[in-house]
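Working notes, beginning with the structure itself.
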Amino acid sequence: MKRIIFLLAGALALASFIACSNGNSTAPATEESQELSEPTGNAQVEVMYFHGKKRCATCVAIENETKAAMENELAAEVAEGKVCMRTIDISTDEGKAIAQRYKIAFSSLIIVANPGESEQVDDLTSFAFSNARLNAAEFRQELHKRVTANL
C-alpha cells in the first residue's frame with residue numbers, strides 16, 4: 001500500500017513539473033516575488049526559489065509557504081543573518097545565469113549551504129511540489145529542519 005501511495009505522489013509531482021515547465025499556468029508571477037531576489041550579505045544558508053514567467057497554483061504556494069517559513073519558523077536565523085531567501089525568475093537573463101549555475105530548468109526550491117564557497121546543494125523541489133499547496137504545515141516544518149541542519 002505504501003508503494004502505491006509513493007508512486008501516486010511521484011506521478012503527481014511529475015505532472016506538476018510538466019505543467020510548470022510547459023508554461024501551463026493558472027497564476028502569473030507577482031512583482032512582489034522580486035523583493036528577495038538580491039543576495040543578502042554573508043548568509044551561511046540561502047533558500048533559493050526558482051520560477052518562470054507564468055506559474056501554477058502549486059508554484060505560487062511553494063513561494064508563499066517558503067516566505068512564511070522564513071518569516072516565522074526561521075525568523076531568528078534570518079534576523080541573525082545566517083539564512084536568506086532569494087526568489088529568482090528564470091525567464092530573465094540574470095535568472096537564467098543563476099539557474100544554469102545550479103542546473104535548474106523549471107520551478108525549483110533548493111537550499112545552498114556555504115554559498116560561494118564549498119557549496120552544498122539540498123534539492124527540495126520534489127518535496128515542495130508534493131506538500132507546499134496541500135500540506136503547508138509539514139512543508140514549513142521540513143524546510144525549517146533542512147535549513148537548520150545546513151547551518
Side-chain angles (χ1 to χ4, degrees), residues 1-40 43 45-79 83-113 115 119-150:
M1 184 63 152
K2 288 181 183 179
R3 189 175 199 192
I4 292 171
I5 292 171
F6 180 75
L7 289 172
L8 288 174
L12 178 62
L14 180 60
S16 295
F17 291 144
I18 291 169
C20 291
S21 64
N22 287 335
N24 299 335
S25 69
T26 57
T30 62
E31 288 185 32
E32 180 182 317
S33 69
Q34 297 307 311
E35 70 183 287
L36 298 172
S37 63
E38 294 299 318
T40 55
V45 175
E46 279 188 340
V47 178
M48 301 175 82
Y49 167 65
F50 295 86
H51 67 84
K53 193 171 195 169
K54 295 182 179 184
R55 296 184 281 166
C56 67
T58 303
C59 293
V60 172
I62 292 169
E63 179 180 16
N64 291 341
E65 292 303 326
T66 301
K67 283 181 178 180
M70 299 295 284
E71 293 168 359
N72 296 295
E73 289 85 352
L74 293 162
E77 292 85 351
V78 170
V83 177
C84 69
M85 177 182 173
R86 292 177 68 189
T87 300
I88 300 155
D89 182 345
I90 62 174
S91 68
T92 67
D93 289 340
E94 179 185 3
K96 284 179 190 172
I98 298 168
Q100 287 176 344
R101 176 177 177 189
Y102 293 101
K103 298 178 175 77
I104 302 293
F106 47 82
S107 293
S108 299
L109 181 66
I110 63 172
I111 296 171
V112 180
E119 292 184 336
Q120 296 175 337
V121 177
D122 187 2
D123 189 347
L124 276 75
T125 304
S126 184
F127 174 79
F129 271 94
S130 297
N131 292 283
R133 186 169 172 210
L134 300 175
N135 197 355
E138 183 177 335
F139 170 80
R140 288 168 53 176
Q141 181 181 15
E142 182 67 15
L143 180 61
H144 176 263
K145 178 180 148 188
R146 304 268 286 266
V147 167
T148 54
N150 281 289

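Using a 4.5 Å cut-off on side-chain heavy atoms (C-beta onward), F50 and F106 make no contact. V147 is not listed as a side-chain neighbour of M70, based on a closest heavy-atom distance of 4.5 Å or more. Put simply, the side chain of H144 reaches to within 4.5 Å of the side chain of E77, judged on heavy atoms. Side-chain contact between M48 and I88 is present, with heavy atoms from C-beta onward closer than 4.5 Å. Using a 4.5 Å heavy-atom threshold, the side chains of N150 and D122 count as touching. Two residues are said to be in side-chain contact when any heavy atoms from C-beta on lie closer than 4.5 Å; Q141 and E73 fail this criterion. Taking 4.5 Å as the limit, some side-chain heavy atom of T148 sits within range of a side-chain heavy atom of L74. At a threshold of 4.5 Å between non-hydrogen side-chain atoms, the residues L143 and T66 count as touching.
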**Prompt:** Would E46 and M85 satisfy side chain to side chain contact (heavy atoms under 4.5 Å, CB included), going step by step from the backbone distance to the final call?
**Reply:** CA-CA 6 Å; E46 279 188 340; M85 177 182 173; over 6 Å; no
**Request:** Under the side chain to side chain contact (heavy atoms under 4.5 Å, CB included) rule, what do D123 and Y102 come out as? Steps first, then yes or no, please.
**Result:** CA-CA 10 Å; D123 189 347; Y102 293 101; over 6 Å; no
**Request:** Could you give me the CA-CA distance, side-chain angles and deciding distance for E119 and R101, then say whether salt bridge (charged side-chain N to carboxylate O under 4.0 Å, His left out) is met?
**Result:** CA-CA 12 Å; E119 292 184 336; R101 176 177 177 189; 2.8 Å; yes
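Remark: S107 OG to F129 CZ distance equals 5.0 Å, nearest 0.5 Å. Distance OG1/T87 to CD1/I62: 11.5 Å, rounded to 0.5 Å.
Across all non-hydrogen atoms, the minimal contact from L109 to T125 is N-OG1, 3.1 Å. A43 and C84 make their closest contact through CB-SG, 3.8 Å (heavy atoms, listed as atom of the first residue, atom of the second, distance). Pairing each heavy atom of A105 with each of I90, the nearest pair is O-CD1, 3.8 Å. Closest of all the heavy-atom pairs between S108 and I104 is OG-CG2, 3.5 Å.
A salt bridge is absent between R140 and E71: the closest approach of a Lys/Arg side-chain nitrogen to an acidic carboxylate oxygen does not fall below 4.0 angstrom. Between E63 and R55 there is a salt bridge, with a side-chain nitrogen of the basic residue lying less than 4.0 Å from a carboxylate oxygen of the acidic one.
A donor-acceptor contact shorter than 3.5 Å links the side chain of Y49 to the backbone of C59.
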